[in-house]
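See structure below.
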Amino acid sequence: PMVLDKSDARRRSMMTTRTLLVALLINAWFNFLPDAAGLQRCRVMAFFPSVSRMLKAASRHSTKRTLHERSRINARSLQALTDDSVPSPTSQDYEIKHYHHKGWKISYRYQPASPGYETFTPIVFIHPVGIGLASWFWNRMFASASAAASTANDNGGHPELYAVDLIGCGLKLGADGWDPQARGLFFPKSWADGIRTLWKAEIQRPCVLVVQGAVTPVGIALAVNDDVTVDGATFDGSYAIDSLVFASPPIYDDLSSAIPEAELSFNYNVWSNPIVSSVVFGVFEQRSIIRFFSNMFLFEEKCDEEWLDYAMEEATCNTLTREPVKAFNTGLLNHVSYETELQTIMQTVICLCGTGDRRTEKRKRYETEMRNCRIQTIRGGNVLPWENPTETLEIIKSLCRDTATAADGSNRKRISFSLKDKIEPVLKQWLEGQDNQFE
């Protein structure tokens, strides 16, 4: 509604209160579990924000904003949803396809290149991991690409678009679920290998890789690992990944330091407990809870009903959709430091941040530590491809190039430079061992 009356405000306040009570109960349960249960007495769990932070956010939303301010925010959100710059996706914007990788059936969304852009660098999207999240996260990017291609603008075309589901995700589209009791995965290697197979089977040329949020380690693994063998075929990341976009990534320090093994073990024991996971997911898979946390942490304004519809459909289609979320919340993607890999990436990298993202300042180290990285800021919070798809797509397209006209060997030059960068230190060390016999 455009205007909130007092009864509606009271109802929202009661909903917030119920959410906080649930949070307090879960926190209390975890904090006072006896040590005999095999779970050490803990601070607030890594998967759950601290209660003080929630209380502060709830206070900010409930007491500092008047009814007039709330109605103004809702009006602004409604305007954003009805604005032509945020098109709604349709089934005509993409095709649903599947492929097989090591016995897994994996789904992806595909949009062919618009006329005249068939030889441009394709774009591959990797979705974030969370309750109800899958490749649908990129739907508005597809819709924005279709809308731009239908205009008379010379720059409105787009290359091929691929939005792949990570192993264990996309069950709503018919992909295989992941049962950890039947088959294990390595993180981030297994998720990266699934995308390597898609590249070998369908893409087969340099692409722009776009990674959202905390699954950035998957993009790093794809970009830096050369000569990886997948199903008997070789994947060279320095060739296959032409450039990268880190959309709302973790701060640099979170990627350059590994989560301690004791913390990983503790998190794993908690998430693998069927009672704990059942209770937690039973709470967080509710529409009101998804809305609450989306508004608090993801969106600059308010999340929309379309976002909630997609999240609910994916989250409730099969209980196996919970397994990738458990692995992610355990911290398995961050069991090692990626500092060396970040500092050796040769490709161009754009670190894309939203104006409403408070972590932008803490991401400055991407620019100072990486060889060829720049930070760009656009309107939005932490889900820019959904909130601001038009600007996001334009920035990504700036990295695409016409490979048919790139006859200068630019890609080969970059690969050769990467090889030189690896060989030079070894050669220098060998020469120093020759007592300076060679000048």
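The number of heavy atoms from other shown groups lying within 6.0 Å of OH (Tyr268) does not exceed 12.
Checked by atom type and distance alone, the side chain of Arg363 pairs as donor or acceptor with a backbone atom of Pro249 at under 3.5 Å. A donor-acceptor contact shorter than 3.5 Å links the side chain of Asp304 to the backbone of Trp307. One N or O on the side chain of Glu118 and one on the backbone of Gly116 form a donor-acceptor pair closer than 3.5 Å. A distance-only check finds a donor-acceptor pair linking the side chain of Asn388 to the backbone of Arg379 [under 3.5 Å]. Between the side chain of Glu387 and the main chain of Glu300, a donor-acceptor pair closer than 3.5 Å is present. A donor-acceptor pair under 3.5 Å is formed between the side chain of Glu314 and the backbone N or O of Leu171. Although no hydrogens or angles enter the test, the distance criterion places no donor-acceptor pair under 3.5 Å between the side chain of Asp176 and the main chain of Trp104. Distance alone, capped at 3.5 Å, is enough to place a donor-acceptor pair between the Trp178 side chain and the Arg183 backbone. For Lys397 (side chain) and Gly157 (main-chain N/O), a donor-acceptor pair under 3.5 Å exists by modelled atom type. Side chain of Thr330 to backbone of Leu332: no donor-acceptor contact under 3.5 angstrom is found.
The side-chain heavy atoms of Ile375 and Lys364, taken from C-beta on, include a pair separated by under 4.5 Å. Annotation: side chain of Trp199 is not in contact with side chain of Leu222 (no heavy-atom distance under 4.5 Å). Put simply, the side chain of Val383 does not reach to within 4.5 Å of the side chain of Ser248, judged on heavy atoms. Between Phe299 and Asn382 the shortest side-chain heavy-atom distance does not fall below 4.5 Å. Counting only heavy atoms from C-beta outward, the side chains of Leu185 and Ile167 approach each other to under 4.5 Å. Side-chain contact between Leu173 and Ser135 is present, with at least one heavy-atom pair separated by less than 4.5 Å. A heavy-atom distance below 4.5 Å is not found between the side chains of Phe187 and Val218. Counting only heavy atoms from C-beta outward, the side chains of Asn318 and Lys172 never approach each other to under 4.5 Å.
Using a 30° and 60° split on the angle between ring planes, Phe293 and Phe297 fall in the parallel class, below 30°.
Using a 4.0 Å cut-off between a side-chain N of Lys or Arg and a carboxylate O of Asp or Glu, Asp193 and Lys200 do not qualify as a salt bridge. With salt bridges taken as basic N to acidic carboxylate O contacts below 4.0 Å, one links Glu160 and Arg205. At a threshold of 4.0 Å, the pair Arg365-Asp253 counts as salt-bridged, since one of the basic side-chain nitrogens sits closer than that to a carboxylate oxygen. A salt bridge is absent between Arg109 and Asp165: the closest approach of a Lys/Arg side-chain nitrogen to an acidic carboxylate oxygen does not fall below 4.0 angstrom.
Of all heavy-atom pairs spanning Thr377 and Thr360, the tightest one is OG1-CG2, 4.2 Å. Residues Gly194 and Ile106 approach most closely at CA-CD1, 4.3 Å, considering heavy atoms. When all heavy atoms are compared, the tightest approach of Gln347 to Ser243 is CB-CA, 4.0 Å. Scanning both residues, Ser337 and Ser256, for their nearest heavy atoms gives OG-O, 2.6 Å. Residues Tyr366 and Pro250 share a closest heavy-atom pair of OH-O, 2.6 Å. Here the closest heavy-atom approach between residue Gly170 and residue Ser107 is recorded as O-OG, 3.6 Å.
Remark: aromatic rings of Trp138 and Phe142 are distant, center separation not under 6.0 Å. Aromatic ring centroids of Tyr117 and Phe120 lie under 6.0 Å apart. Here Trp386 and Phe137 keep their ring centres 6.0 angstrom or further from each other.
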Quiz: residues 121-130 side-chain donor-acceptor pairs under 3.5 angstrom, not counting sequence neighbours:
| from | atom 1 | to | atom 2 | distance (Å) |
| --- | --- | --- | --- | --- |
| Thr121 | OG1 | Arg401 | N | 3.1 |
| Thr121 | OG1 | Arg401 | O | 3.0 |
| His127 | NE2 | Leu166 | N | 3.1 |

Practice item. Would you check, one step at a time, whether the test side chain to side chain contact (heavy atoms under 4.5 Å, CB included) holds for Glu367 with Cys351? Key: CA-CA 9 Å; Glu367 284 186 318; Cys351 180; over 6 Å; no
Practice item. Might you work through the side chain to side chain contact (heavy atoms under 4.5 Å, CB included) test for Ser398 and Cys400, ending with a clear yes or no? Key: CA-CA 6 Å; Ser398 70; Cys400 299; over 6 Å; no
Exercise for review: Report the C-alpha separation of Met141 and Thr392 in whole Å, then their side-chain angles, then the decisive distance to 0.1 Å, and conclude whether the side chain to side chain contact (heavy atoms under 4.5 Å, CB included) test is met.
Suggested key: CA-CA 8 Å; Met141 297 291 286; Thr392 302; 3.8 Å; yes
Check your understanding: Run the salt bridge (Lys or Arg N to Asp or Glu O under 4.0 Å) check on Arg140 and Asp93 step by step: do they pass?
Key -> CA-CA 9 Å; Arg140 286 192 173 174; Asp93 290 325; over 6 Å; no
Exercise for review: Output, in order, the C-alpha distance, side-chain angles, deciding distance and verdict of ring-ring contact (aromatic ring centres under 6.0 Å, His included) for Phe281 and Trp271.
Suggested key: CA-CA 10 Å; Phe281 279 101; Trp271 280 108; 5.6 Å; yes
Check your understanding: What's the verdict on side chain to side chain contact (heavy atoms under 4.5 Å, CB included) for Gln111 and Ser146, showing C-alpha distance, side-chain angles and the deciding distance?
Key -> CA-CA 9 Å; Gln111 188 176 74; Ser146 295; 2.8 Å; yes
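Atom-to-atom distance recorded for Arg291:CZ and Leu298:CG is 13.5 Å, nearest 0.5 angstrom. Interatomic distance, Ile259 CD1 to Asn267 CG, rounded to the nearest 0.5 Å: 7.0 Å. Taking CE of Met346 as the start and CD1 of Ile241 as the end, the distance is 15.5 Å to the nearest 0.5 Å. In this structure, CD on Gln204 lies 10.0 Å from CG on Leu198, to the nearest 0.5 angstrom. Annotation: the span from Leu255 atom CG to Leu333 atom CG amounts to 10.0 Å, rounded to 0.5 Å. For the atom pair OG1 of Thr197 and CD1 of Ile203, the computed distance is 11.0 Å after rounding to the nearest 0.5 Å.
A donor atom on one side chain and an acceptor atom on the other are not found under 3.5 Å apart for His335 and Glu261.
With sequence neighbours excluded, no residue forms a side chain to side chain donor-acceptor pair (under 3.5 Å) with Glu341.
Within the cation-pi definition used here (under 6.0 Å to the ring centroid, within 45° of the axis), Lys97 does not qualify as a partner of Tyr108.
For the pairing with Leu209, the side chain to side chain contact (heavy atoms under 4.5 Å, CB included) check across Val245, Leu244, Leu399, Val349 returns one residue only, Leu244.
For residues 277-287, every residue pair satisfying the side chain to side chain donor-acceptor pair (under 3.5 Å) rule, not counting sequence neighbours, is listed here: Glu285-Arg322, Arg287-Glu305, Arg287-Asp309.
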